[in-house]
Every structure is written in C-alpha cells, then in structure tokens.
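The block underneath contains the structure these notes are about, expressed in structure tokens.
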Amino acid sequence: RTFYARLKGAAGTIIGYRRCRACRPVRETVSGVYSASGKTWSPSPSGQQVYIEAMTDFDDADGVEARSIALMSGVTLAAGVKPGRDWLKPAEVTAGIPFAETAIALPLRKTVRERFKFLVRF
C-alpha cells in the first residue's frame, strides 16, 4: 500500500505531498532496523503496529513553514500525473483520506531534508 505525507502551512493550505518510503508492520526488538519513540523496531508479519516513514528531498519546498503533517491513504492523482513520483504539488492530487494528523512547526528549506516517522496501531 502506498501512503503519502501531506504537509500543510499555517493557513491550512497544502504545501505538498511526499510519498512514504517505508511502510512495514513491526514489533519492538532490542536491536531493530527502525528507530522511533526511543525504541527500536523490526519488521514482523504479526506486528500490531506499522512503521511509516517519509523524507523530503532537497528543494521539495523552500521558504515555507509546515504547521501540520498527516498520512494519506487512497491518494488519487490528477489526470496526466505519472505514478511513482515522490513529491506532488497540491494540484496533482485530487483525492485521498487523511489519518494520523499532527501539528508541527517546521521551516522547510531548499538544502535540508526532513525525516518524518510514524508508529500507527491498527
């Protein structure tokens, strides 16, 4: 399943969507592959939590402050947008279901990559 991280600005306007690069059911382990919330996690088919990670690229957005981030499921691309792109502008997404939204205060810059990690229990 493909998830996207939706970034919004202070006025609630959408900055863009970043395709998540990791989405795995996990379980807590002593020396896991993923690190989040001060713990380590390893992929597990019987995991009761899902580790989801997105990371912006250089020049995805510049000079704006992200004020919220949400995971998006069921994203539908606008006509003419090729699937598989990592960064999507607001007009390139026509539908999707947001979940796991949280407030942030993060200035986005041209030369910095930001990593977002989510642990979601289903």
Side-chain angles (χ1 to χ4, degrees):
R1 182 171 286 224
T2 302
F3 294 107
Y4 285 84
R6 179 189 69 195
L7 297 166
K8 282 187 172 181
T13 57
I14 297 172
I15 297 168
Y17 300 85
R18 184 69 184 181
R19 187 169 57 153
C20 295
R21 64 188 205 158
C23 178
R24 307 276 186 280
V26 294
R27 63 180 173 82
E28 187 178 349
T29 60
V30 175
S31 58
V33 178
Y34 304 115
S35 172
S37 301
K39 300 175 183 175
T40 56
W41 307 85
S42 291
S44 171
S46 62
Q48 294 185 3
Q49 292 183 321
V50 177
Y51 174 85
I52 302 173
E53 179 182 304
M55 186 172 197
T56 62
D57 205 352
F58 299 110
D59 206 21
D60 277 352
D62 184 31
V64 295
E65 183 174 19
R67 299 303 303 241
S68 73
I69 185 167
L71 292 173
M72 298 285 294
S73 177
V75 168
T76 302
L77 305 179
V81 177
K82 294 182 181 180
R85 291 192 24 220
D86 288 333
W87 179 255
L88 299 169
K89 296 176 184 174
E92 295 176 319
V93 172
T94 60
I97 301 165
F99 68 98
E101 187 164 5
T102 190
I104 59 174
L106 182 67
L108 299 172
R109 298 179 300 259
K110 186 177 199 171
T111 60
V112 177
R113 298 181 76 189
E114 299 292 348
R115 180 178 301 185
F116 303 100
K117 299 177 181 182
F118 296 85
L119 280 171
V120 181
R121 182 175 295 154
F122 289 98

Exercise for review: Check whether any side-chain heavy atom of Asp60 lies under 4.5 Å from a side-chain heavy atom of Asp86, and answer yes or no.
Suggested key: no

Check your understanding: Is the number of heavy atoms from other residues, nucleotides or ligands under 6.0 Å of Lys117 NZ greater than 12?
Key -> yes

Check your understanding: In terms of the angle between their ring planes, are Phe99 and Phe3 parallel, tilted or perpendicular, with boundaries placed at 30° and 60°?
Key -> perpendicular

Exercise for review: Give a yes or no on whether the backbone of Glu114 and the side-chain of Thr56 come within a donor-acceptor separation of less than 3.5 Å.
Suggested key: yes

Review point. Is there side-chain contact between Val33 and Tyr51, with at least one heavy-atom pair below 4.5 Å?
Key: no

Check your understanding: If Ile, Leu, Val, Met, Phe, Trp and Tyr residues are connected whenever their side-chain heavy atoms lie under 4.5 Å apart, and connections chain through other members, are Ile69 and Val64 in the same group?
Key -> yes

Check your understanding: Any donor-acceptor pair under 3.5 Å linking the side chain of Trp41 with the backbone of Ala36?
Key -> yes

Check your understanding: If you group Ile, Leu, Val, Met, Phe, Trp and Tyr by side-chain heavy-atom gaps below 4.5 Å, do Ile52 and Leu106 land in one group?
Key -> yes

Review point. Does Glu101 reach the side chain of Arg6, with side-chain heavy atoms less than 4.5 Å apart?
Key: yes

**Study point:** Same cluster (ILVMFWY, side-chain, under 4.5 Å), Leu108 and Ile14
**Key:** no

Point to revise | Pairwise side-chain contact, Lys8 with Arg67, heavy-atom cut-off 4.5 Å (strictly under) | key: no

Revision key, fill the gap. Test side chain to side chain contact (heavy atoms under 4.5 Å, CB included), reference Phe116, set Thr102, Leu71, Ile104, output is Ile104

Check your understanding: Any donor-acceptor pair under 3.5 Å linking the side chain of Arg21 with the backbone of Ala54?
Key -> no

Exercise for review: State whether the side chain of Thr76 and the backbone N or O of Thr94 hold a donor-acceptor pair below 3.5 Å, judged by distance alone.
Suggested key: no

Review point. Can you check whether Val93 reaches Tyr4 side chain to side chain, under 4.5 Å on heavy atoms?
Key: no

Review point. Taking everything shown except Glu65 itself, do over 12 heavy atoms lie less than 6.0 Å from its CD?
Key: yes

Review point. Is there a path from Ile15 to Val75 through hydrophobic residues (I, L, V, M, F, W, Y) whose side chains come within less than 4.5 Å of each other?
Key: no

Practice item. Return the minimal non-hydrogen interatomic distance between Ala91 and Ala78, and the atom names on each side. Key: O-CB, 3.6 Å

Point to revise | Interatomic distance, Met72 atom CE to Cys20 atom SG [nearest 0.5 angstrom] | key: 11.0 Å

Point to revise | Heavy-atom side-chain contact between Arg113 and Asp57 under 4.5 Å | key: yes

Point to revise | same_hphob_cluster(Phe118, Tyr34) at 4.5 Å side-chain heavy-atom cutoff | key: no

Point to revise | Heavy-atom closest contact (Ser42 atom, Gly32 atom, distance) | key: OG-CA, 3.2 Å

Point to revise | Under 3.5 Å: donor-acceptor pair, side chain of Arg85, backbone of Trp87 | key: yes

Practice item. Could you check if a side-chain atom of Leu77 sits within less than 4.5 angstrom of a side-chain atom of Leu88, using non-hydrogen atoms only? Key: yes

Check your understanding: Is there a donor-acceptor pair closer than 3.5 Å between any side-chain N or O of Arg18 and the backbone N or O of Met55?
Key -> yes

